[in-house]
Amino acid sequence: MPSSSAPCDLRPGTTYNSNIRMVAAKILSHTPAGIRGNGTAMTETATAPEARTQADNLDLLAYVAVNVGLGLKPGQELVMTASLDSVALARRISEQAYRAGASLVTTLFNDEEGALARYRYATDASFDHAANWFYNGMAAAFKSGAARLAISGANPTLLANENPEKVGRANRAVSLAYRPALELIARHEINWTIVASATPAWAAAVFPGDAPDVALARLWEAIFSTSRINTADPVSAWRAHDVELQKRAAYMNEKRYFALQYRGPGTDFHLGLADDHQWLGGGTTAGNGVYCIPNMPTEEIFSAPHKERADGIVTATKPLSHQGTMIEGIQVRFEKGRIVEARATRGQEVLEKLIDTDDGARRLGEVALVPHSSPIAQSGLVFLNTLFDENAASHIALGQSYSSCLRDGEKLSAEALAAKGANESLIHVDWMIGSGELDIDGITASGAAEPLMRGGEWACSV
Ligand code: ZN
Ligand code: ZN
């Protein structure tokens with residue numbers, strides 16, 4: 001835990017100087033009108049990025065999360081999930097949501113340390129059990145029009161010393177219980193987004209050599225910079241970035257490649273794309289008509305691979321933090337879309353449990369392209385958090401596809417989606433295969449190869 005003298009003391013109950021609050025209020029009172037109009041008023045009234053306090057930055061992050069990420073509509077309910085260590089950001093998001101006209105904000109806090117008690121004291125049968133009523137309640141909230149915001153900030157090593165078999169069973173039970181709610185999210189029926197809060201345990205894992213308060217401050221700084229909060233006008237910065245991602249996706253949709261061919265250290269991999277696939281990136285209009293940017297940060301354009309058309313060897317370029325366990329040095333071999341060999345230098349057992357979740361867990365549900373020059377890659381940090389690390393590099397995901405990655409996918413039945421090559425699974429786990437040494441070609445329907453990425457950067461301009 002940080003000491004109380006930490007520059008950004010974020011423990012529950014912390015209040016901050018009322019003078020700082022006034023500065024933040026000034027920024028925010030000018031934000032909506034100015035930014036929606038010409039994108040300049042904010043820089044006139046807001047403090048310059050380097051002069052902003054921690055409180056200013058938190059308020060800006062909350063503002064951007066609600067108004068750009070979520071696009072929350074007046075009268076809409078918000079369901080937010082957060083860990084206890086994220087309470088400072090959660091409260092600011094509540095404030096911004098009500099300022100944006102939310103009818104009700106319901107925040108569900110989870111206690112990571114408390115969760116460990118289960119592994120110490122619960123009966124064996126506990127690990128096949130999940131709070132179905134809770135997840136059904138979430139699905140009911142989404143069906144009745146609530147938006148969803150998740151604050152990410154979990155301790156990446158929380159479950160590292162727990163029995164992988166129990167971790168796997170507990171995860172599976174949650175995946176099953178969460179399925180009805182997750183389907184609404186995956187089909188983009190409602191507006192949703194994920195933002196990050198630095199937490200002491202996460203910061204300690206990312207910066208193990210630093211004192212707790214220094215580590216926490218460094219992680220916040222990294223979150224603010226990769227989430228474009230430390231720009232003169234974060235809302236305009238996000239709008240411009242969104243346009244760039246949309247252009248990249250449009251380019252790929254025009255090309256309609258049949259497959260992608262990857263070459264890099266330890267990787268020689270051919271990945272077919274789903275029939276009628278489409279590339280997405282940046283914001284999307286959800287089924288409820290609200291425009292939202294589902295991940296903050298986001299640097300990827302992504303689509304659906306064909307679940308039966310992956311062949312060759314892929315080596316991960318970053319460790320994968322999965323539900324509290326680190327999996328490192330992943331190398332897998334695919335045949336006809338299915339993993340037939342999987343190795344990891346660390347966490348092999350967890351990896352095996354993961355791909356044994358169901359048949360779809362051995363197949364791919366997402367392919368995503370991210371240039372090596374993305375701010376996250378350039379930070380040089382391994383965040384041990386998928387929201388960040390997946391946006392640091394091109395990646396693929398085991399498990400469930402997004403039906404929105406197929407043309408009119410939201411309207412298709414499960415059978416129709418499967419016939420086009422979309423994958424189905426209880427899991428969706430991204431893992432990073434991109435680096436500054438990765439080359440990718442787009443393979444046309446006639447088999448011609450066109451350079452798409454060279455040395456991790458786009459080889460084509462849009
Ligand atoms: Zn992705
Ligand atoms: Zn993904």
Side-chain angles (χ1 to χ4, degrees), residues 69 148 150 152 154 171 175 178-179 182-188 192-196 226-227 241-242 244-246 248-249 252 260 262 269 271 273-274 277-284 292-307 310 314 316-323 327 330 332 354-355 357 360-372 374-377 382-406 409 417 422-435 438 440 452-453 456:
R148 162 94 168 101
S152 172
N171 287 341
S175 297
Y178 188 45
R179 179 134 213 165
L182 185 63
E183 271 176 4
L184 298 170
I185 299 283
R187 287 206 304 264
H188 280 288
W192 59 274
T193 198
I194 310 175
V195 291
T226 55
S227 304
H241 178 52
D242 190 23
E244 166 71 18
L245 290 173
Q246 305 279 356
R248 284 281 165 205
M252 293 298 284
L260 303 181
Y262 296 74
F269 182 51
L271 182 59
L273 296 166
H277 69 272
Q278 59 180 2
W279 290 84
L280 302 172
T284 184
C292 64
I293 298 180
N295 290 308
M296 296 189 126
T298 180
E299 303 289 337
E300 61 172 344
I301 61 162
F302 61 101
S303 192
H306 195 293
K307 64 175 177 175
V314 198
T317 48
K318 284 176 187 285
L320 169 63
S321 165
H322 177 66
Q323 311 269 18
I327 311 175
I330 301 173
V332 304
L354 179 68
I355 63 178
T357 307
R362 284 185 178 265
R363 297 177 186 275
L364 295 175
E366 182 193 338
V367 51
L369 302 174
V370 179
H372 190 59
S374 96
I376 299 168
V382 176
F383 283 82
L384 308 175
N385 178 309
T386 301
L387 178 63
F388 290 82
D389 292 329
E390 79 156 326
N391 283 298
S394 291
H395 56 271
I396 46 183
L398 294 170
Q400 181 71 32
S401 303
Y402 290 109
S403 53
S404 53
C405 288
L406 282 95
L417 285 167
N423 194 31
E424 207 178 326
S425 172
L426 288 172
I427 66 160
H428 176 100
V429 178
D430 298 281
W431 51 290
M432 276 37 83
I433 61 171
S435 72
L438 185 69
I440 306 175
L452 206 52
M453 283 189 150

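Note that ligands are numbered from 1 as they come in the structure, with each ligand's atoms numbered from 1 the same way.
- Using cut-offs of 30° and 60° for the angle between ring planes, the H277 and W279 rings count as perpendicular.
- Considering just the N/O/S atoms of E300, the one nearest the Zn ion (ligand 1) carries the name OE1.
- Between H428 and Y402, a ring centre-to-centre spacing shorter than 6.0 Å is recorded.
- In plain terms, the two heavy atoms of I293 and G283 that are nearest each other are CG1-CA, 3.7 Å.
- The Zn ion (ligand 1) has no N, O or S atom of D430 under 2.8 Å away, backbone or side chain.
- Looking only at distances, no side-chain donor or acceptor of S425 sits under 3.5 Å from a matching main-chain atom of G399.
- Using a 4.5 Å heavy-atom cutoff, the side chains of S394 and M453 are in contact.
- For the Zn ion (ligand 1), the nearest N, O or S atom contributed by E390 is named OE1.
- The atom of E366 nearest to the Zn ion (ligand 1) is OE2, with the search restricted to N, O or S atoms.
- Taking backbone and side chain together, H395 holds no N, O or S atom under 2.8 Å from the Zn ion (ligand 2).
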